[in-house]
Each structure stands twice: as structure tokens, then as C-alpha cells.
There are 2 protein chains.
Amino acid sequence: MLQYPSAWLQNASLGETIACELRLRIINGTIKTGETISENWVASEFGTSRSPVREALKTLSSEGLIRLERMGAVVVGLDVTDVEELYDVRFLIESFAQQRLAQSDVTGLLGCLQRIVDKMELAMKHNDAVEFSYQDLSFHETIITAANHNRILHLWKSIRPIVMTVMLLTTDEIFSKGEQKLHSVIDKHYTIMKGLESRKRDVIEQVVREYFADSRKTLHSSIPGRTS
Amino acid sequence: MLQYPSAWLQNASLGETIACELRLRIINGTIKTGETISENWVASEFGTSRSPVREALKTLSSEGLIRLERMGAVVVGLDVTDVEELYDVRFLIESFAQQRLAQSDVTGLLGCLQRIVDKMELAMKHNDAVEFSYQDLSFHETIITAANHNRILHLWKSIRPIVMTVMLLTTDEIFSKGEQKLHSVIDKHYTIMKGLESRKRDVIEQVVREYFADSRKTLHSSIPGRTS
DNA sequence: AGGTTCTAAGTTGTCGACAAGTATACTTGT
DNA sequence: ACAAGTATACTTGTCGACAACTTAGAACCT
């Protein structure tokens, strides 16, 4: 079972730690869809009081992973359909961001992206799936940030923890499928950069559309299905 | 000064009540952008303990109205640019939803929408701005819900409180500008319905684009500017 | 047996208190 | 006058406790 990178939780509060751990358990199916979890149960599970648990549950609720009800929180979870919907949203956000960048000067941005892709290739050589997925995430986050649109950036931040967790799981799977798959992932990022460089709206639109359509195809086994 | 419809807070917890009240004060400028508010200050302001305040601040933070930092919460607020960005996001969401509905049978949906527009006309006659804005909100929410896309619906729910508050303020202003403006608002909703009825993607796209482009123009005085 | 009321266990919402950490203001030494 | 160190007030994170409410089940009546 994949563990959560503990280095990321170094300066985190108990509430954030619990949220991250619960998020992982919900997405990888340890905690199953339909279950109801109570604050007391989570608190005893992590050996804390209810205060940080309440914070964690509110976070997870705002991410749509659970639904807060009068008695207990119902686990919504993520099946394959939900992850596809997540990619729909990612496409909407990134497509919007890149369209916005089509008019600007992107040379500085392209430099940043190149550095990130370099780190991805390094992570591939070191067989470091966690680092690889993190740089993958950074790549897209850098683009969205560059678009300079507060609300869109906020939208991204609201789905970011889920996207990160899903990428952690799927990237781990890609690593197990050999190096060729990894090279194709990196190539896809170069394609995006070329799209940005062209500064043509229709080219960009097509490139981004293909990117996410392709990403969708490679996730069907690390995510639990509806009937798990 | 516009008050918050107290009927909506009937069954709400203290945390939700505080969140709603703070949200309104931030958006209408009573609490100004750049200020930092502490949990203790809010708690004494509302005469409660810090627990519901923490919940409220977390809510407002997830909506992007404040930024939680180590010492105090910094008020981000909404200036005119931010509201325009909000309309960008609304356009993205609703455009996606309506494109999705272009393929489905929408007769049932159109019936619902007609009933809502009827209520809007009634609210106009009764000079009830609160009811009018609420039905306006319901109109768009009904469309988004009908698209049957969990993630998009969740996105909508995450911006819904802000949209509702902004609509409350702007609608109040439209009411003060006389009946003609109100008729044109209602007409815009009929235009959307006709777009949906056509079931043609390009027609729908154009209609929705025009709707939000037009809505943007009518908000420049109820929202405080950057320098207020 | 079936339906109803009452009890009991469990849940959330809210409170006040304490510890740990941070920024500000003050004091002190030069 | 100014720098450095210290004290102080204020902030958040976490805890345990209590009240109000919901749900499920047991006991009881018909």
C-alpha cells in the first residue's frame, strides 16, 4: 500500500494531517463509499480530540469527498466516473488558463516549465514516483498560476489535494508499467509547451484537449470501481 | 444597508450564521480588503466562543474571501475585477453544463425553468428583490443540476454563497433602477431557454456567452472598488 | 403479534481553558 | 541615539466537558 509522503506533513497541523490521511484512505478505497464515519470514530482512530477532526471533515466536505449530515459524515468517494469528471474540470481550468496565456509573452513561463520537465526526467531516472507526480502537478499549477486569474487559481487550489492524491496513485501505477510509458508522459508535456509557444488559440485548445483525453485512458486500475 | 434574509438562517448553526454575516460584510465593504481579523475579535463581535468562528473562517477561506495565515485572517474581499472573474467562472460552469444538455431531452427541464421565471415575474410585481434574486439563482442552479455532473455541480456549490450574495446586492440595485431593467433581465432568461430548446451547440454557446457578457455590465456600482 | 411509548446510546454544536508560538513594545546597555 | 535582548500581550491549535438532538431498540400495552 502506497504511503503518504510524510515529509509533506512536517509543518502541518493535526487537522491537516488527518485530512490528508483520510483523503488518501477514501480515494484508494480503504474507507469505502457509502460508509458513514463519525467524528468520535475518526478521533479515536487518530488518537486526538474532536477539534482537529472537525477541521479535517470540513476540508474533505469542501472537496466533495464526504457529505456532512446530521449524524455522521457519509463517504462519497471517487469511482472511475468521478475521476473522469475530475479530468473534465481540470480540462476546463487549464484550457481557460492557456487560452488566456495565448495573448501574453510566455518565454519566462516556458523556462519554468522546462526546468520542471527536467526534474521529471530526473525523477524518472531515480525511479521516484512521488517526486515525478509532484513535478507533474507543479507543471500544470505553474501554467494556471501564470494565467493570473484569482478565481481560476482558487478553483484549482480547491481540487488540488484530490488531483495530487489521484496523481500519486496513477503515477505509481505508470512507474510499474515500465519506462516507455513514462517517456510518453514526458512527451505529452513537451507537446503542451509547443502548444503554448505557438500562441495560436485553436492549436492550444486542441493540444490541451488531447492531453486530458489521453490522460483519462491511463487510470482505470488504480482507482476502485463503483462496486468495490 | 441591505440586511441578510433572516429566514434563511432559521435552522443554521452559529458557525453558518457567522459565515453568512461575515460574507455579506466583506462583500459589501463593511469589512475592508486588507484588514486582518482574528478569531477572538470575531468571537467577541458575535458574542460566541471561538469554535463556531473557526468554522466560519474556514468556510470563508474555502470560498476565497479571506486568507488564513499564522496570525489572523487577511480579508481578500471582492473588488470589481474579482466579480468579473467570478462571472468568468460562472460562464465556464454554465457553458459546460448547457453543452452537456444539448444532447439530452430538455422538455422537463424547460418546464421547471418556466415555473421559476414565473416566480421571478411575480417577485417583480411584488417588488421583492430578495425573492427575485433567489429565483434567478435557482434558474441557473436548476440548469447546472440537470447536467448531471457531480464535479461541476460541486464547483457550483462552492461558489454559490458568493454568487448569491453578489446577486442579492446587484439585484437590489436593479430594482432601484425601475421596471424596464427588470423586464430585460427576465427576457435574458427566456433567451437562455430558447437556446436550450434549439439543442444546437453553437447557438447555446453564443447565448450563454452573451448572457454573462451582458450581466457583467450591470454591476459596477453595488460592488466596492479596489480603492474603497 | 403488532403497534406505541419510553429509554438509552450515540452524535453534533458549542463552550472555556491551556499550551505553544509570534509579533510588538519596552528596557537596557553602549 | 541606537542596537540587542527581553518581557508582554495576543494569536492559533488542541483538549475535554456539557447540552441538545437524533436514532435505534427495548419494554409495554392492546
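Just the heavy atoms: all of them, side chains too, but no hydrogens, waters or symmetry mates, feed the values below. Here is how names work: the chains are called A, B, and so on, in the same order as the sequence lines, proteins then strands, and each is numbered from 1.
- Closest to the B:Thr48 side chain, of the nucleotides D:dC15, C:dT11, C:dC15, is C:dC15.
- Rounded to whole Å, atom P of D:dT11 lies 14 Å from atom CD of B:Glu35.
- With rounding to whole Å, B:Leu57 atom CG is found 8 Å from D:dT12 atom P.
- A 4.5 Å side-chain heavy-atom check between A:Arg23 and A:Leu65 finds at least one atom pair inside the cut-off.
- C:dT30 is paired with D:dA1 under the criterion used here, namely a Watson-Crick or G-U wobble arrangement in which both key atom distances are under 3.5 Å.
- When the P atom of C:dG16 is taken as reference, atom CZ of B:Arg54 falls 16 Å away, rounded to whole Å.
- For A:Lys188 and A:Asp136, the salt-bridge test fails: no basic side-chain N is under 4.0 Å from an acidic carboxylate O.
- Mapping A:Arg70 and A:Gly47 onto DNA chain D via the closest heavy atom, the residue that lands nearer the 5' end is A:Gly47.
- The interatomic distance linking A:Trp41 (CH2) with C:dA9 (C1') rounds to 19 Å, in whole Å.
- In this entry the distance linking CD of A:Glu39 with P of D:dA17 reads 17 Å, nearest Å.
- Here C:dA17 presents its P atom at 13 Å from CG of B:Asn40, a figure rounded to the nearest Å.
- Residue A:Met71 contributes atom CE, which lies 13 Å from atom C1' of D:dG25 at whole-angstrom precision.
- Mapping A:Ser51 and B:Gly72 onto DNA chain D by nearest heavy atom places B:Gly72 at the nucleotide closer to the 5' end.
- Rounded to an integer number of Å, the gap from A:Glu69 CD to D:dC21 P is 19 Å.
- Between B:Ser13 and C:dG13 there is no side-chain polar atom (N or O) within less than 4.0 angstrom of OP1 or OP2.
- Using modelled atom types, one finds no donor on one side chain facing an acceptor on the other under 3.5 Å when comparing A:His126 with A:Glu131.
- Ionic pairing of A:Glu45 and A:Arg25 is present here: one or more N-O contacts between side-chain nitrogen and carboxylate oxygen are shorter than 4.0 angstrom.
- For B:Arg160 and B:Glu63, the salt-bridge test fails: no basic side-chain N is under 4.0 Å from an acidic carboxylate O.
- Comparing D:dA17, C:dC15, D:dC15 by their nearest atom to the side chain of A:Arg50 picks out D:dA17.
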